[in-house]
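Following: one structure in structure tokens, then a few remarks.
Since we're looking at a predicted model, the values are computed, not measured. The sequence lines fix the lettering, A, B, ..., with proteins before strands; numbering per chain opens at 1.
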Protein chains: 2
Amino acid sequence: MHSEIRSANQPKPSFIETARRAQIIDCAVEVIAELGFAQASLAQIAKRAGVSTGVILYYFAGKDDLIREVGVHVFTTGRSSIEPLVQQQLDARSALRTFIEASVAYIAANPKKVLAIMNILRAGRSDGGTLKIDPTVYQPRQIGFRNILEWGQRDGEFRTFSVAVMVETIVEALDAIPSQLAADPSLDLDAYAKELVELFDRATRADTPVQELRVR
Amino acid sequence: MHSEIRSANQPKPSFIETARRAQIIDCAVEVIAELGFAQASLAQIAKRAGVSTGVILYYFAGKDDLIREVGVHVFTTGRSSIEPLVQQQLDARSALRTFIEASVAYIAANPKKVLAIMNILRAGRSDGGTLKIDPTVYQPRQIGFRNILEWGQRDGEFRTFSVAVMVETIVEALDAIPSQLAADPSLDLDAYAKELVELFDRATRADTPVQELRVR
DNA sequence: CTAATTTCTGAACATGCATTCAGAAATCAG
DNA sequence: CTGATTTCTGAATGCATGTTCAGAAATTAG
């Protein structure tokens, strides 16, 4: 008899099961990054993994489920590499700078993962209703930036501006990087990060009081 | 006998031909904006236009050709409503501000057109090789911003920064608006434009010399 | 070793799509 | 009015894809 689709509350996911799932997710990431979301068929992913398409459907409830898990995987690893660095900052300006730098560093370290995610998200957004990835997966980043910006405004480090617009602008600036990097792998991401840090530092910081600028 | 596909150098495009083409393009814009690019089948577009799918293929060489013409149409009307305003500015800061304001105003006036274009471009970018729209159609905007930024740097109005990164950031900030507007039609675009103008003015402008800031 | 269970295969199926095309309908020319 | 041309139809075609499934192969349990 055939076993039912695995769900998370199953007693023991066997070793081979977790290994296969991870392998399939990795291959999905590569194919989606290299061929684009539209060309990333189950057949292509299966071929990359060296299995038949049936195996994918044996471990995942369907293509949408696989895509969802790819999203969770990438965002989870991203958060774990970025959030700790941000949380140990003592002021909002440093936190903003660190968040941007760490985000670019994560892109540099995982170009395929982030490109795959961007392809998925873009396809979802250009697709009308059928969102591929749950907002709770990618919204923490927006919330993180929002908290930092509100923090800085509260403390007077930042000027008054629309936090929503600023968050959107920052996130879009970061999300544009993966495809640029794919188009030109020699792109200097360190320099790119420095530019963004400077750009958004100037865009956010409060005007220095005039009296402090007086010379002598 | 069947007539061949029309090409631009044909002697006389009949009245009904240009009318049908325009009508089909308009319907394609609406369907792509409302349903998303992936769901925008020829059948849907034909249904919206009240014709059979064959008509679309009679006036356009294929779906790709239709999409391309949608892109040309939207970008052409956009340029004609933005460029004249920008060109009459006398300094780079004003030109940058005007470009951003006019871009947002065009979005406000043509929400479906710009959303459709964004859906097409996003689908193309998330798609790997198969770009839907020719770069010569959408690159003039980047070039326009680049020229303004280089102008401002040359004149000393702007500080030193990477023009490429700044252009990318500005364009992405603008391109994020249509989908936000679609998600929340009550979005205040005037306020949004003001925020972006202030943001990028601060991000680009040269540091005011200290002596000019001295009070009295 | 044998039987049960897990894992995997590959063909079959269903669906949606762009495109083709033979010919109908409408329009135009003379 | 009549024949030629333009415009349009809708069924047929071919293709790609996600999904199902009966059973083979491999692994594990006893």
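Within residues 63-74 of chain B, no residue has a heavy atom under 4.0 Å from DNA chain D. Looking at residues 40-48 of chain B, you'll see S41(B), L42(B) sit with a heavy atom under 4.0 Å from some atom of DNA chain C.
Going from atom CZ of F60(A) over to atom P of dT20(D) covers 15 Å, rounded to whole Å. Distance, F37(A) CZ to dT17(D) P: 12 Å, rounded to whole Å. Spacing between atom CG of L35(B) and atom C1' of dC17(C) amounts to 15 Å, rounded to whole angstrom units. Distance CG (L57(B)) to P (dC17(C)): 14 Å, rounded to an integer number of Å. In this entry the distance linking CD1 of I32(A) with P of dT17(D) reads 14 Å, nearest Å. For Q39(A) and dG18(D), the CD to P distance is 11 Å, given to the nearest whole Å. Taking atom CZ on R21(A) and atom P on dT7(C), their separation rounds to 12 Å, with Å as the unit.
Under the side chain to side chain contact (heavy atoms under 4.5 Å, CB included) rule, R93(B) has a single partner from F158(B), F200(B), W151(B), which is F158(B).
Cation-pi geometry between K132(A) and Y138(A) is not met: the NZ or CZ atom fails to fall both under 6.0 Å from the ring centre and inside 45° of the normal.
Checking dC8(C), dT19(C), dT9(D) against the side-chain heavy atoms of S52(B) singles out dT9(D) as nearest. Comparing atom distances between the R20(B) side chain and each of dT9(C), dC8(D), dC8(C) picks out dC8(D) as nearest.
Legend: residues meeting salt bridge (charged side-chain N to carboxylate O under 4.0 Å, His left out) with R97(A), ordered by chain and number and at least two apart, are E101(A).
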Name every donor-acceptor pair, under 3.5 Å, that has one atom in a side chain of residues 110-118 of chain A and the other anywhere in the protein, sequence neighbours excluded.
from	atom 1	to	atom 2	distance (Å)
N110(A)	ND2	Y106(A)	O	3.1
K112(A)	NZ	E34(A)	OE2	2.7

Distance-only donor-acceptor hits, side chain of residues 65-72 of chain B, under 3.5 Å, sequence neighbours excluded:
from	atom 1	to	atom 2	distance (Å)
D65(B)	OD2	A61(B)	N	3.1
E69(B)	OE1	R21(B)	NH2	3.1
E69(B)	OE2	R21(B)	NH2	2.5

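N119(B) contributes a side-chain N or O that, together with a main-chain N or O of I32(B), makes up a donor-acceptor pair within less than 3.5 Å. Distance alone, capped at 3.5 Å, places no donor-acceptor pair between the E172(A) side chain and the A173(B) backbone. E195(A) places no side-chain N or O within donor-acceptor distance of the main-chain N or O of A191(A), the cut-off being under 3.5 Å. Judged by distance alone, the side chain of Q153(A) and the main-chain N or O of F161(A) form a donor-acceptor pair under 3.5 Å.
Between Y58(B) and dT9(D), a side-chain N or O to OP1/OP2 separation shorter than 4.0 Å is absent.
Checked by atom type, the side-chain pair S103(A)/R141(A) shows no donor-acceptor distance below 3.5 Å. T204(B) and R202(A) are not linked by any side-chain donor-acceptor pair at a separation below 3.5 angstrom, with hydrogens and angles left out of the test.
Five base pairs at each end of the helix from dC1(C)-dG30(D) to dG30(C)-dC1(D) define two local axes, and these are offset by 0° (rounded to 10°).
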